[in-house]
Amino acid sequence: MQFFLLLSVFVVATCGLIYELIAGTLASYLLGDSVTQFSTIIGVYLFSMGIGSFFSKYFKKNLLAWFIQLEIMVGLIGGTSSTILFLLFEEVESFRFLLYMLVSLTGILVGLEIPLLMRILKNKLEFEDLVSKIFTYDYIGALLASLIFPLVLVPYMGLIKTSFFFGILNVVVATVLCIKFEKEVKWASVLKTQSIAVIILLLAGFVYSEKIMAFTESLSYPDKVIYAKSSPYQRIVLTKNSKELRLFLNGNLQFSSFDEYRYHEALVHPGMQGLQEHNDVLVLGGGDGLAVRELLKYNTIKTITLVDLDGAITSLFKNNHMLLDLNKGSLLDKKVKVINADAFKWLKENSPRQFDFIIIDFPDPSNYSIGKLYTDTFYRLIYRALKENGAAVIQSTSPFVAPLSYWCIDTTIQSVGFKTLPYHAFVPSFGDWGYILAVKGTQYSIPDNFISNLRFLNHETFQQMLIFPKDMEKKKTEINKLNNQAIVHYFEKEWSEYLH
């Protein structure tokens with residue numbers, strides 16, 4: 001009996017932490033700001049476990065039967081929670097209430113289990129041995145969950161399939177205990193029937209998890225989903241209608257094929273045209289190859305190095321025929337070297353190498369992990385990686401929707417010694433979008449003319465892009481530092497006000 005019950009502790013700990021991690025990851029996908037989501041979910045979950053532990057004292061009889069019943073309930077709720085949350089994200093008025101309710105319920109049930117197990121085993125082990133073994137199995141289970149979740153479960157199974165799998169594991173343990181100790185368990189036949197029914201339900205969900213995910217995503221996106229995959233870093237979704245392809249990362253629009261040329265011409269060509277030399281170019285982010293496509297319009301470029309964190313993105317844009325048509329096969333060009341690495345770490349490790357021009361095309365600073373790529377520390381690395389008369393351009397969110405965020409980037413870039421040239425362009429899919437050119441040295445000059453094979457940008461349009469009307473004029477902000485991440489606070493406040 002000891003072995004089976006201690007094994008149950010291990011399963012309870014592993015499954016419980018997996019459910020918590022699933023909730024945190026799902027919330028960061030759907031709501032943004034991963035630090036806030038994980039912090040609040042961990043807090044709510046642990047508090048709920050405390051509530052469960054407190055109420056465990058009111059369970060006086062039939063402890064093993066109650067433990068088995070709790071295992072079945074945890075498996076059912078935890079196993080279906082991600083599906084429920086995905087399905088109802090677009091449908092319910094208060095998604096956060098539903099999220100925290102499910103996290104709380106799971107936490108309370110898990111919090112009930114360990115105290116009940118300790119009371120079941122108290123007459124079979126010495127107190128010191130009981131506490132030692134219970135918490136050893138508990139912490140080993142937690143360690144296993146924390147390791148396999150980011151390395152195996154998210155990239156290879158996805159959130160929905162993972163939650164169904166661990167729900168099944170919970171209920172299988174309950175079934176085994178029910179069969180093993182049938183004579184000692186009250187309501188054994190009822191519990192066995194429950195567990196078998198729940199296993200069948202969860203197994204059906206596991207088998208059809210991809211179809212469930214496809215259906216939930218069809219509710220979230222107005223157009224047909226033609227590709228969906230979870231990488232170790234994000235959820236990648238491509239949608240298509242009669243006139244455009246759209247790429248979404250974690251639910252956030254990255255580009256529309258209808259007007260992306262406006263964004264990428266504005267990103268690349270003002271910097272390139274104003275430099276006297278641009279032999280060696282570095283692109284940070286931009287794994288879709290669309291900025292590289294624009295760079296390849298210059299025969300003078302000798303090398304293009306692209307550093308993007310997610311190999312799933314660069315692989316997709318190297319191999320999908322529709323995307324190859326869009327980026328003109330740019331990532332397959334012999335001048336282009338693609339490196340899948342963290343840009344921050346890569347710049348530190350490759351500090352001796354310098355470039356004429358650097359394009360920084362990261363997602364908006366919606367959380368702290370991305371916000372570090374907008375700090376003065378990161379821009380010092382950029383300064384060091386540029387040749388003496390080089391320049392860098394940074395996509396800098398919308399100066400209309402998020403003026404504090406935009407001008408915070410400008411202030412931060414200036415703080416490390418760059419001269420800056422802020423400008424903005426209208427991209428219909430996004431609205432008014434901002435860029436900042438960071439100039440090192442004195443050789444950059446505002447271009448009088450642009451290469452002829454552009455669809456949007458010319459001398460006249462660029463002159464207009466340099467003008468900021470009154471509702472987008474420069475604002476005083478903090479410098480974005482690693483230890484304060486001021487831009488994340490600006491960004492979250494400004495965009496939440498705009499979207500609501």
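Bear in mind the structure is a predicted one, so any value in this text is a computation, not a measurement.
Across A27 and L99, no two heavy atoms sit closer than the pair CB-CD2, 3.8 Å.
Counting heavy atoms from C-beta on, the side chains of V103 and S48 never come closer than 4.5 Å. Between Y444 and L275 the shortest side-chain heavy-atom distance falls below 4.5 Å. With a 4.5 Å cut-off on side-chain heavy atoms, F355 and I382 do not count as touching. Between L202 and F165 the shortest side-chain heavy-atom distance does not fall below 4.5 Å. For the pair F317 and L247, the minimum side-chain heavy-atom distance is below 4.5 Å. Between T377 and K481 there is no side-chain heavy-atom pair separated by less than 4.5 Å. The closest side-chain heavy-atom distance from M472 to P403 is not below 4.5 Å. N484 places none of its side-chain heavy atoms less than 4.5 Å from the side chain of I479.
Checked against D223 for a side chain to side chain contact (heavy atoms under 4.5 Å, CB included), the options L245, L238, T239 give a single hit: T239.
Applying the 6.0 Å contact sphere to NZ of K335 captures more than 12 heavy atoms from other residues, nucleotides or ligands. More than 12 heavy atoms of other residues, nucleotides or ligands sit less than 6.0 Å from atom NZ of K419. Within 6.0 Å of CZ in F450 there are more than 12 heavy atoms belonging to other residues, nucleotides or ligands. Heavy atoms from other residues, nucleotides or ligands lying under 6.0 Å from OH of Y227 number more than 12. Within 6.0 Å of atom OH in Y208, 12 or fewer heavy atoms from other residues, nucleotides or ligands are found, so the atom counts as exposed in its surroundings.
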>> Checking D376 against S415 for the side chain to side chain donor-acceptor pair (under 3.5 Å) test, could you report, in this order, the C-alpha distance in whole Å, the side-chain angles of both residues, the deciding distance, and whether it holds?
In response: CA-CA 7 Å; D376 57 345; S415 74; 4.9 Å; no
>> Go through it in stages, so that I can follow the logic: the residues are N389 and Q276, the test is side chain to side chain donor-acceptor pair (under 3.5 Å), and I'd like the CA-CA distance, side-chain angles, deciding distance and then a yes or no.
In response: CA-CA 9 Å; N389 289 307; Q276 293 182 3; over 6 Å; no
>> Would L253 and R246 count as a side-chain contact (heavy atoms from CB on, under 4.5 Å) here? Give the steps.
In response: CA-CA 7 Å; L253 178 65; R246 289 186 166 216; 3.7 Å; yes
>> side chain to side chain donor-acceptor pair (under 3.5 Å) for D342 and Y233? Distances and angles first, verdict last.
In response: CA-CA 11 Å; D342 179 280; Y233 307 104; over 6 Å; no
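The OG1 atom of T14 lies 8.5 Å from the CG atom of D138; values are rounded to the nearest 0.5 Å. Atoms CG and CG, on L324 and N327 in that order, are 5.5 Å from each other to the nearest 0.5 Å. Taken to the nearest 0.5 Å, the NZ atom of K387 stands 4.0 Å off from the CG atom of D280. Note: S396 OG to D410 CG = 8.0 Å, rounded to the nearest 0.5 Å. Considering CD of E277 and CG of D356, their distance stands at 6.0 Å, rounded to 0.5 Å. Remark: L102 CG to L88 CG distance equals 9.0 Å, nearest 0.5 Å.
Using modelled atom types, one finds a donor on one side chain and an acceptor on the other under 3.5 Å when comparing T461 with N458. Between the side chains of Y100 and T40, a donor-acceptor pair is found at a separation under 3.5 Å. A donor atom on one side chain and an acceptor atom on the other are found under 3.5 Å apart for D361 and Y263. A donor-acceptor contact closer than 3.5 angstrom links the side chains of S369 and N367. The closest side-chain donor-acceptor pair between D364 and Q395 falls under 3.5 angstrom. Counting only N and O atoms by type, the side chains of Q254 and D288 include no donor and acceptor under 3.5 Å apart. No hydrogens or angles considered: nothing links the side chains of D308 and T314 as a donor-acceptor pair under 3.5 Å.
Of the possible donor and acceptor atoms, one in the side chain of Y19 sits under 3.5 Å from a partner among the backbone N and O of G167. Remark: the backbone N or O of W346 is paired with a side-chain donor or acceptor of N350 at under 3.5 angstrom. A donor-acceptor pair is defined here as one N or O able to donate and one able to accept, closer than 3.5 Å; no such pair exists between the side chain of R262 and the backbone of F456. Under a 3.5 Å cut-off, the side chain of E260 and the backbone N or O of L290 do not form any donor-acceptor pair. T411 places no side-chain N or O within 3.5 Å of a backbone atom of C408 that could act as its donor or acceptor partner.
Ring-plane geometry between F378 and F344 is classed as tilted, the angle between the planes lying from 30 to 60 degrees on a 0 to 90 degree scale. Ring pair F418/Y383 is perpendicular by interplanar angle, where above 60° counts as perpendicular and below 30° as parallel.
In this structure, K161 is positioned above the aromatic face of F206, its NZ or CZ under 6.0 Å from the six-membered ring centre and within 45° of the axis. Judged by the 6.0 Å and 45° rule, K474 forms no cation-pi pair with F468.
Here ring-ring contact (aromatic ring centres under 6.0 Å, His included) pairs that include residues 274-300, with residues two or more places apart or in two chains, are H269-Y298, H278-Y298.
The six-membered or imidazole ring of F430 lies away from that of F400, with a centre-to-centre distance of 6.0 Å or more. Between F462 and Y423, the distance separating the two ring centers is shorter than 6.0 angstrom.
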